[in-house]
Amino acid sequence: MIDSKVVESIRALSSEDKEGFDQFLLSPYFQKGFSVNELRTFFHYIIAALDAPHTTSFSKENVYELLFPAKPFSQSRMDRIMFELNRLVQVFLQIKTYLKRENEVQRLLDWSIYQRKGGNQFPYEKQLQKTWAEIEALDLSLTEGFFKSYQTAKENHEWLSSFNRVKGDLGIPKVLHYLDLFYYTQKLELLNRYQLQQKATLITPSETIQRDLFTFKIPEHYTREHPELTILEKIHELFQPEVPSPNGFRELMDMLAVLENRLTAEELFQVYAYLRSYCAILIDAGFAEFNVILHEI
């Protein structure tokens with residue numbers, strides 16, 4: 001039983017999560033087929049066994065006797081409670097993740113969808129304004145910010161469509177705008193990762209990817225609107241030639257110095273990861289002076 005899924009799930013919980021999960025089990029709402037006491041007793045038994053210094057195993061029979069005293073051992077019932085406790089660990093962690101600050105936009109959107117589908121005439125415009133404000137407040141990456149904006153614009157379109165008075169654009173232009181931004185940014189990010197992987201290992205690209213590697217470009221009106229996208233384009237351009245370019249590397253560094261305040265910490269980390277990789281490529285190509293730069297970045 002020491003190698004069972006439920007034991008492995010509980011083993012992976014942090015101390016804080018173990019305390020939170022113990023409180024979570026007090027509510028019967030998510031439980032199916034077993035009492036609060038049975039599930040908590042099982043959970044505490046596993047925690048105690050894992051904390052014991054020399055624990056190598058513990059039997060289902062011993063656990064069953066603790067949970068269901070004076071009842072004959074039932075393999076199927078034991079399997080069910082193990083499955084149930086493991087399921088509840090997953091539900092607990094999913095709820096905890098959903099309630100994190102960075103998921104506030106998703107919660108606002110989900111609440112809007114629930115209200116719209118329920119036909120509730122609540123102050124929808126205020127709710128939408130709150131969602132847009134939350135997108136601005138969060139330190140979202142370009143791709144994630146564009147995706148959340150697309151979702152919000154799409155939800156507003158669905159709301160406007162639900163009582164279409166045959167006037168106005170139903171918010172469609174805004175939906176398409178953010179869909180475009182998300183598509184171009186996400187695709188360029190993935191192409192850049194692919195190009196970097198190509199430098200590390202032998203890959204035979206498909207015809208589609210081969211074409212996109214040399215023709216894909218974000219429309220100029222979007223790079224004017226979001227200049228930081230030019231950094232992604234420069235990375236894409238930098239990794240295309242087989243022979244590395246010291247001047248191209250310096251151009252990217254100069255561009256980053258101007259635009260880095262428009263990037264999130266996560267995005268800066270990714271850009272510098274590309275820079276470090278390109279430094280290594282330049283050094284391998286014989287540009288030894290980049291050893292110092294690699295150390296600095």
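Predicted model only: the values in this text are computed from it and were never measured. The figures that follow rest on heavy atoms only: side chains count, while hydrogens, waters and symmetry mates do not.
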**Report entry** Pairwise distance CD(Gln106) to CG(Leu99) - rounded to 0.5 angstrom
**Finding:**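 Interatomic distance, Gln106 CD to Leu99 CG, rounded to 0.5 Å: 12.5 Å.
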Query raised in the report: In Å and rounded to the nearest 0.5 Å, what is the NE2 to OG1 distance from His236 to Thr230?
Result: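 With rounding to 0.5 Å, NE2 (His236) is 14.0 Å from OG1 (Thr230).
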Requested in this report: Give the intermediate values and the outcome of salt bridge (charged side-chain N to carboxylate O under 4.0 Å, His left out) for residues Glu84 and Lys32.
Outcome: CA-CA 7 Å; Glu84 179 65 6; Lys32 298 178 181 178; over 6 Å; no
For [X], salt bridge (Lys or Arg N to Asp or Glu O under 4.0 Å) partners two or more places apart:
X	result
Lys18	none
Arg80	none
Lys234	Glu237, Glu251
Glu38	none

**Report entry** Residues clustered with Leu26, ILVMFWY side-chain links under 4.5 angstrom
**Finding:**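 Members other than Leu26 - counting any ILVMFWY side chain reachable under 4.5 Å - are Val36.
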Query - Connected-component partners of Leu108 among ILVMFWY, side-chain separation under 4.5 Å - result: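 Result for Leu108 is none, singleton.
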Query - Full working for salt bridge (charged side-chain N to carboxylate O under 4.0 Å, His left out) between Glu220 and Arg224 - result: CA-CA 6 Å; Glu220 189 176 342; Arg224 284 199 305 268; 3.5 Å; yes
Residue pairs, two or more places apart or on separate chains, that pass salt bridge (charged side-chain N to carboxylate O under 4.0 Å, His left out) and touch [range]:
range	value
residues 181-202	Lys187-Asp212
residues 279-288	none
residues 65-79	Lys60-Asp79

Query raised in the report: Taking only residues two or more places apart in sequence, or in another chain, which ones meet Phe34 in a ring-ring contact (aromatic ring centres under 6.0 Å, His included)?
Result: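 By the ring-ring contact (aromatic ring centres under 6.0 Å, His included) rule, Phe34 matches no residue at all.
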Requested in this report: Only counting residues at least two apart or in another chain, list the ones meeting ring-ring contact (aromatic ring centres under 6.0 Å, His included) with Tyr272.
Outcome: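 With sequence neighbours excluded, Tyr272 shows a ring-ring contact (aromatic ring centres under 6.0 Å, His included) to no residue whatsoever.
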Query raised in the report: Which of parallel (below 30°), tilted (30 to 60°) and perpendicular (above 60°) describes Phe239 and Tyr278?
Result: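 If you compare the ring of Phe239 with that of Tyr278, the planes turn out perpendicular.
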Requested in this report: Mark yes when over 12 heavy atoms from residues, nucleotides or ligands other than His221 sit less than 6.0 Å from its NE2; otherwise mark no.
Outcome: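 Atom NE2 in His221 is crowded, with more than 12 foreign heavy atoms closer than 6.0 Å.
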Query raised in the report: Counting heavy atoms not belonging to Glu16, are there more than 12 under 6.0 Å from its CD?
Result: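 At most 12 heavy atoms, drawn from other residues, nucleotides or ligands, come within 6.0 Å of this atom.
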Report task. Begin with the C-alpha distance, continue with both residues' side-chain angles, and end with the deciding distance and a verdict on salt bridge (charged side-chain N to carboxylate O under 4.0 Å, His left out) for Glu207 and Arg211. Result -> CA-CA 6 Å; Glu207 184 178 337; Arg211 182 185 65 246; 5.1 Å; no
Query raised in the report: With sequence neighbours excluded, what pairs up with Glu155 under the side-chain hydrogen bond (donor to acceptor under 3.5 Å, both in side chains) test?
Result: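 If we apply the side-chain hydrogen bond (donor to acceptor under 3.5 Å, both in side chains) test to Glu155, skipping adjacent residues, the hits are Arg116, Tyr124.
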